[in-house]
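Notes for the one structure printed next.
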Amino acid sequence: MAVYDFKTIEKKWQDRWEKDGRFKAIDFDPRPKYYVLYEFYNISGKLHMGHLKGTVPADALARYKRFKGYNVLFPIGGDSFGLPAENAAIKTGIDPHDFVANGFNLVMGQSKQLGLSFDWDRCFCTSDEEYYKWTQWIFLQLFKHDKAYKKNGTVNFCPKCQTVLSNEDSQGGKCDRCGTDVIQVQRDVWFLKMKEYSEKLLGNVDRINMADYLKEAQRNWIGKSEGIQLKLKLVDDKDNHIDDIEIYTTCIETVYGVTFIVLAPENEKLEKLKDHIKNYDEIVEYQKKTTLKTEFDRISQVKDKSGAKVEGVYAINPITNKKVPVYIADFVLNGYGTGAVMAVPCHDQRDYEFAEKFGIEMIQVIDGDCSKQAVEKYDYLEANSKMLNSAEFSGMPVREAKKKIGEMVVAKGYGKVQTNYKMQDWPFNRQRYWGEPIPVVFCDNCGIVPLDEKDLPLVLPATKDYLPNEKGDSPLSKVESFVNCKCPKCGRDAKRETDTMPNWAGSSWYWLRYCDPHNSEKLADFEKLKYWGSVDCYTGGTEHITRHVLYAFFWQNFLYEIGAVPTRDPFLRKMGSGLILDDEGKKMSKSSKNGVSPMEVIEKYGTDATRLHVHFLAAYEDNCKWTYSGIEGIVNFLDKVWKLQEIVKDGGVTKEHAYHLATLIQKSESDYENLKLNTCISACMIFLKKIKEDGYITKEELKQFLVILNPMAPHITSEIFENVFGTDILDEKYPEYDEKNLVMSEIEIPVQVNGKLKGKVTIQTDSNQDAVLEVVKAQNIIDANLPIKKVIYVPNKILNVIQ
RNA sequence: GCCGAAGUGGCGGAAUGGCAGACGCACAAGACUCAAAAUCUUGCGAGGGCAACUUCAUGCGGGUUCAAGUCCCGCCUUCGGCACCA
């Protein structure tokens, strides 16, 4: 028999699969559907090991589900309106369109070499006109339904890239693109009303099948909290009522301890109170200082509180009628709650530090030692301490008081119950070239006017100048033919919006387009969307869990509400791919210097061996370190599989192998479902060992074994199958097993005496306790001289004798 | 600080409360060979014993149980997320 020549054989099957279109998903097929989605490629260069860790198991799942009789949709495409193309353009002058076309061809070619069973007919890139036409269409719907608005606001801004960033794009206070510290600026910004969807997003999080730590990360990001919004009167030196201010608190039980009020420096109230504030210059000075602070400064100075007193304005605590001073400080954030807080130094560490620095009075209202630091909510609720200095509530357990004071405040009309969320509206424009143009114009006569849907796509014009101008306006502002246009409403001269959408826009709905990727009338046909439904299993990196996945939830909810899609949940299950780490334990990616190229490994060991090795290193959701160590074991295994052809004989499943095969089928099914392919391979190895011991495998056994292994090692199994059976393995069904074959007639069970292992006995399966005890006694495992106090027998598992 | 996940041989890693270390790597011995490679066979947590055997072992300390890597309580460490969110 010829040796296994993986180069020739793997190429042969890859070509055949492509030529025959073996992996096409069929719309409206009567079989049940299964939609496996792997996060599409960010078009930036070659594939790296991280891609394999994610995509190869997804491919195995898709192939497995096809054997199980599903009509599988397993698509791929390119997230191409991204930074790599724009950066390359700026650096080398290459046209982003060319960069994307080349990059896309490269990764698609490499995907084929990996034997990935994508439906190639459904490929697209987010920068394709036929695709971004519909991204723009969605923006128009958002605008028409009052979910997109333009507003001058404080936003994250990268001074180096000269562009606005969302919170999601500036996690950790660093620009996602260049790593520069992000600052806060006032700017005209397009926002999408994502905050309005907080509760619905939490619904998506609850319903999706996903690891706890991912759910928690999302809930954390959305940041729901319940509290009281309290209204306080503002008075001047002479106690004249000049205005009101609302504050938000989750600790209304501390309201008797309020000794000052703090406003965010950006709070609009300050401007309104201008005439009453005696030190307005000082206030303005502090505001300026805050704006220039980078996120890094704000965090690194957590322990060093800064602020300024607002002279001439005081607040009245409605519950105690106490008059307290007002401050501004940058530890209060304008974007959260009302941008103002009541400060209770004894029971909030930040307030404590601020009061200490500014010499403000402290009133303790809950038990505990407040001499050195605040006794905070976490501590006093846990200890269920008692109230102090709180009028009729003094002496009451704090939990009870929290409820009672809240009720009192609401009953007397001082405040209301309020739910807040940390998540903000999504700043949606970027001063960058390589993105979807925002399809609106500015008309002196009509204001902001959306384009007519029939005029989509609004094509991104060609240019050679990819940098913003000195004012920080988008590169598109330099393309006159693009900027100048006619108002769609009144026909007079108007100017286009020159900012583009963020690169998360195109990825916020792409799974829908796969259901109907070439539709020119709609983003996707409703009936097709209904057929394919939600993505059954979405695989990919965990780093997008608080960005892309939340944006995906948001857009899907919106599209559902306007009747464009049939379901609220984009995904039913999300599996987070573990990372492949290098020797130093760092994430292996394109940027990693000692990253190993998957193509190198394939060249040397073959695609099947490489795929199996990646599966075998760790389960899908677990991290692993890349190592060549162990790949010899895989090569060896494949070699033995290949040589099964030499010992195959006619016949069905034999009595000797029935149990082993049934066990393998059962184990492999649950491993495929949970992407625990390391143990799936191990089960295959165990079966193979048994076969080698017996020195033969029947045709039927070989057929079943090859099908089980095929989703992980598709090439070699296809070749052996064709050699032995003359047909294509892809036409087979996943093997089934008879429950009765899962148990052997005789089994060996351990025998414990007083909980310690003392021996083993072979018994008939399902023997009763007495029968087992007989065998045990016969073998002198237990001390015959001692009385038996107790016997614990778990049928077919274990016998424990207490003497 | 808060939230989440995890901690098992020389290594990657297995174990619905029921034989800890499956499977693989590495290592060692043997077979084949003039020799090597490849392949095959066997061994392989630590200590003690010639041996049958025995003691100790799943980050640390307690507990529940006939039985704990697994469940409970209290710590330690590592990784991940959020972080002046009132």
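Chain letters run A, B, ... following the sequence lines, proteins first, then strands; residues in each count from 1.
- Base engagement by Asn220(A) is indicated by at least one non-hydrogen atom pair under 4.0 Å involving a base atom.
- For the side-chain contact (heavy atoms from CB on, under 4.5 Å) test, residues two or more places apart in sequence or in another chain that qualify with Val255(A) are Leu230(A), Ile252(A), Val258(A), Asn317(A), Ile319(A), Met342(A), Ile405(A).
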Any N/O pairs under 3.5 Å between the protein and nucleotides 42-45 of chain B? List them or say none.
none

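- Residues from residues 254-261 of chain A lying near RNA chain B, meaning a heavy-atom separation below 4.0 Å, are absent.
- Applying the ring pair (Phe, Tyr, Trp, His ring centres under 6.0 Å) test to every pair with at least one member in residues 669-692 of chain A, sequence neighbours left out, gives these pairs: Tyr64(A)-Tyr672(A), Phe687(A)-Phe705(A).
- Put simply, CG on Leu381(A) is 14 Å from C1' on C2(B), counting in whole angstrom units.
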Polar atom pairs (N or O), protein with nucleotides 6-9 of chain B, under 3.5 Å:
none

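- By the side-chain contact (heavy atoms from CB on, under 4.5 Å) test, Asp348(A) pairs with Arg350(A), Asp351(A), Glu376(A), sequence neighbours left out.
- For RNA chain B, if you chain together Watson-Crick or G-U pairs that step i with j, i+1 with j-1 and so on, the runs of at least three with distances under 3.5 Å are B:1-7 with B:76-82, B:10-12 with B:23-25, B:27-31 with B:39-43, B:45-48 with B:53-56, B:59-63 with B:71-75.
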Using residues 753-761 of chain A as the side-chain source, report each donor-acceptor pair under 3.5 Å to any protein atom, sequence neighbours left out, with the distance given to one decimal.
from      : atom 1 : to        : atom 2 : distance (Å)
Asn754(A) : OD1    : Gln803(A) : N      : 2.9

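- Taking atom NZ of Lys676(A) as the reference point, atom P of A15(B) lies 6 Å away to the nearest angstrom.
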Note to self: Using a 4.0 Å heavy-atom cut-off to protein, can you give one letter per nucleotide of nucleotides 17-24 of chain B, 5' to 3': B if the base is in contact, S if only the sugar-phosphate is, - if neither?
What the structure shows: -BB--BBS
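- Partners of Asn334(A) according to the side-chain hydrogen bond (donor to acceptor under 3.5 Å, both in side chains) rule, which considers only residues two or more places apart in sequence or in another chain, are Glu268(A).
- By the salt bridge (Lys or Arg N to Asp or Glu O under 4.0 Å) test, Lys215(A) pairs with no residue at all, sequence neighbours left out.
- Counting non-hydrogen atoms under 4.0 angstrom, Phe637(A) reaches nothing in the nucleic acid.
- Legend: residues meeting salt bridge (Lys or Arg N to Asp or Glu O under 4.0 Å) with Asp694(A), ordered by chain and number and at least two apart, are Lys690(A).
- The shortest distance between the side-chain N/O atoms of Tyr248(A) and the OP1/OP2 oxygens of C85(B) is not below 4.0 Å.
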